[in-house]
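Below is one structure; the comments refer to it alone.
Predicted model, so just to flag it, every value in this text is computed and none were measured.
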Amino acid sequence: MQDEGGNWVCFNGEIYNYIELREELGCKCRTTSDTEVILHAYRRWGEDCVRHFSGMFAFALWDEKKQALFCARDPFGIKPFYYYLNP
């Protein structure tokens, strides 16, 4: 999913408290998905957004402005996160 700022997220899992977060963020969402809430939360809190998420998840988020990739998964590691580095 892409937001209006050009950020992209690839997400696997479920954010259980996304409805409460959507209200706290006061965002105008285009969808009813928890995926979109991740993008809005990242825009507000940056990498600290994961501290607000309750659920099982793994995601990779491309920050267009910073030209940086931010990856995270839930604290218990329920959802696996695999990656490969190739020079």
Val9 and Thr35: CA distance, side-chain angles, deciding distance, side chain to side chain contact (heavy atoms under 4.5 Å, CB included) verdict: CA-CA 8 Å; Val9 67; Thr35 307; 3.6 Å; yes
Hydrophobic cluster of Tyr83, others only, ordered by chain and residue number, side-chain cut-off 4.5 Å: Phe81, Leu85
Side-chain donor-acceptor pairs of residues 10-20 under 3.5 Å, sequence neighbours excluded:
unit_1 : atom_1 : unit_2 : atom_2 : d
Asn17  : OD1    : Ser54  : N      : 3.0
Asn17  : ND2    : His52  : O      : 2.9
Tyr18  : OH     : Thr32  : O      : 3.4

Side chain to side chain contact (heavy atoms under 4.5 Å, CB included), that's the test. Do Met1 and Thr31 meet it? Break it down for me. CA-CA 11 Å; Met1 178 178 278; Thr31 69; 4.1 Å; yes
Backbone N or O of Asn7 within a donor-acceptor pair of the Glu64 side chain at under 3.5 Å? no
same_hphob_cluster(Met56, Leu21) at 4.5 Å side-chain heavy-atom cutoff: no
How far apart are the closest heavy atoms of [X] and [Y], and which atoms are they?
X: Ala41; Y: Leu25; answer: N-CD1, 3.7 Å
X: Trp8; Y: Gly6; answer: CD1-O, 3.4 Å
X: Ala58; Y: Pro80; answer: CB-O, 3.6 Å
X: Glu47; Y: Tyr42; answer: N-CE1, 4.0 Å
X: Glu4; Y: His40; answer: OE2-CE1, 4.0 Å

Go through Asp3 and Arg43 one step at a time and tell me if the salt bridge (Lys or Arg N to Asp or Glu O under 4.0 Å) criterion holds. CA-CA 10 Å; Asp3 70 8; Arg43 200 168 336 130; 3.5 Å; yes
Pairwise side-chain contact, Ile38 with Phe57, heavy-atom cut-off 4.5 Å (strictly under): no
State, yes or no, whether a side-chain contact exists between Glu36 and Cys27 at a heavy-atom distance under 4.5 Å. no
State whether Glu24 and Arg44 are salt-bridged, where the test is any N-O pair (Lys NZ or Arg NE/NH1/NH2 against Asp/Glu carboxylate O) under 4.0 Å. no
After noting the C-alpha distance and the side-chain angles of Arg73 and Lys79, does the key distance pass the side chain to side chain contact (heavy atoms under 4.5 Å, CB included) rule? CA-CA 7 Å; Arg73 71 178 190 172; Lys79 290 294 181 180; 5.7 Å; no
Measure the CZ-CG distance between Phe59 and Asp74 for me, rounded to the nearest 0.5 Å. 10.5 Å
